[in-house]
2 protein chains.
Amino acid sequence: MGRKEKDQQQIEDVRLRILEAAKKLFLKEGYEATSIRKIAAEIKLSPTTIYLYYKDKSDIAYTLHKEGFKVLGEQFMVLQHVESGFERLKAMGRIYINFAIQNTDFYQLMFIMKEPMEFISDKDCCEWEEGEFAFGALQQTVLDCKAEGYFNGLNENNVALNIWALVHGLCSLKLQGHLDHVASAHLHVPEDRNILEEAFETLVLMLDKMK
Amino acid sequence: MGRKEKDQQQIEDVRLRILEAAKKLFLKEGYEATSIRKIAAEIKLSPTTIYLYYKDKSDIAYTLHKEGFKVLGEQFMVLQHVESGFERLKAMGRIYINFAIQNTDFYQLMFIMKEPMEFISDKDCCEWEEGEFAFGALQQTVLDCKAEGYFNGLNENNVALNIWALVHGLCSLKLQGHLDHVASAHLHVPEDRNILEEAFETLVLMLDKMK
DNA sequence: AAATATAATTAACACCGTTAATTAAAAAAA
DNA sequence: TTTTTTTAATTAACGGTGTTAATTATATTT
């Protein structure tokens, strides 16, 4: 019965080819513009065949969303070698921001769009979530910062949540165009100066004040 | 030639009826599910007639987006009577969060979706932006906080930006379902306890540390 | 009353996600 | 090996979408 395993492998192969095609189109033209029909055409399949491998479009979105979390998690790996909690926190923020800027489409899928999250809540079982690893790392780092004298008297989970929200907020406003809009309208910021980085530098100073 | 003015009035009337129908449907079923055809049916017009009054769908989104900023701006009005800068900052955050939670669809249109902002950047002229009033109020409040001894040595514009990003980040993560997901997965938070409010309370404590 | 300008309509294009019915291919049973 | 059964992939179709071009109805002006 070695046949069945090989079939399973072939099925997994098609699943992957669909996903690769979806990713390619998605990174090139964005999620909305990537239709099931285009994905199918890309790998010379009939559109309806896609539905034999994925429940619907948001299922594909969710699978890509998971992949994004895996990539972010890998980039977080280097943080394990940073001893100081506060230094790790800063590095974490920088990695997160870089990831968001360099993988804008993945970031949209992971944190801004609602489709993948809706797919999650539609699922009966709450399986292992890759995003949880990243947040767990942040939690631990905030805890280490507390040991170094930061965030005294503050609930560490809420601090972690706030820091995530802040960095996500910066990225999200940047990706949606609000940051540049406000910068050119309210702040007379030179075009060449990166407003996101400047804000992050101030954030570091702010956190430093919480020792 | 008082005729022409009356015509102008009638044109403005239809424009408004379209917008009201769009808003009603949008608040009930969300932006994506609100089609031009449904808007037209709502006020017994042909779908194509809409295009005589609005350039395209994102034009309608942008007009609604502007209205959202007007409502938020009105809710900010009460802040003028708060003398203390820091108290005003706290109240501002609470108003912003309440607005986001109670007008989730408007909030999506104003800060999360990309269509309205794309419409802005497609426009040749950069006319008065209602959102600027709200951010201006925040800028002034941060300045007042500085006068009260907060945020010493920090660039006030960047501080304002970071605070906005933080509160927006919380709201955005909440609306997208990430906040509740993390809360139930990582933080063992009782269902009845409002995680957003709890995070905000910690934020206030954090800001208080920056005196 | 006829000619012109404008407002609204119908018809049409090129898509979309998704489901049901059908055909082609492979595996199992005879 | 041939027939039956299972499974994989396809075509056809439904009911939508935003948007444009061509056309008709309605006022306004000559």
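Each chain gets a letter, A, B and so on, in the order the sequences are listed, and its residues count up from 1. The structure displayed is predicted, hence computed values, not measured ones.
Here the C1' atom of nucleotide D/dT19 and the NZ atom of B/Lys38 are 17 Å apart, to the nearest Å. In this entry the distance linking CD1 of A/Ile36 with P of D/dT17 reads 19 Å, nearest Å. Put simply, CD on A/Glu32 is 12 Å from C1' on D/dT17, counting in whole angstrom units. When rounded to the nearest whole Å, the span between CD1 of B/Ile11 and P of D/dA27 equals 14 Å. If you take CD of A/Glu115 and P of C/dT18, they are 10 Å apart, rounded to a whole angstrom. Spacing between atom CD of A/Glu29 and atom C1' of C/dC15 amounts to 14 Å, rounded to whole angstrom units. Summarising the geometry, the separation between CG on B/Asp56 and C1' on D/dT20 is reported as 13 Å, rounded to the nearest angstrom. Protein atom CD1 of A/Ile39 is 14 Å distant from nucleotide atom C1' of C/dT18, rounded to whole Å.
Within the nucleic acid shown, A/Lys55 has no heavy atom closer than 4.0 Å to any nucleic acid atom. Residue B/Thr48 is in base contact, counting any heavy-atom pair closer than 4.0 Å across all strands shown.
Side-chain atoms of A/Leu52 lie closest to D/dA9 of the nucleotides C/dA7, D/dA9, C/dG17. For B/Leu45, counting side-chain heavy atoms from C-beta on, the closest listed nucleotide (D/dT19, C/dA8, C/dG17) is C/dA8. Distances from the side chain of A/Tyr51 to the nucleotides C/dT18, D/dT17, C/dA8 place C/dT18 closest.
Residues A/Thr202 and B/Asn155 share a closest heavy-atom pair of CG2-O, 4.4 Å. Closest approach of A/Val82 to A/Arg88, counting heavy atoms only: O-NE, 3.0 Å.
The shortest distance between the side-chain N/O atoms of B/Ser46 and the OP1/OP2 oxygens of C/dA8 is not below 4.0 Å. Not one side-chain nitrogen or oxygen of B/Tyr53 sits closer than 4.0 Å to the OP1 or OP2 atom of C/dA7. Residue A/Thr49 places at least one side-chain N or O under 4.0 Å from the OP1 or OP2 atom of D/dT10.
Between B/Phe111 and B/Tyr96, the two ring planes are tilted [angle within 30° to 60°].
For the side-chain contact (heavy atoms from CB on, under 4.5 Å) criterion with A/Met92, the lone passing option out of A/Val167, A/Ile163, A/Thr141 is A/Thr141.
Residue-to-nucleotide contacts include no donor-acceptor pair under 3.5 Å from the side chain of B/Arg37 to the base of D/dG16.
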task: Could you walk me through whether B/Glu115 and B/Tyr31 pass the side chain to side chain contact (heavy atoms under 4.5 Å, CB included) test, one step at a time?
output: CA-CA 10 Å; B/Glu115 279 92 344; B/Tyr31 176 75; 4.0 Å; yes
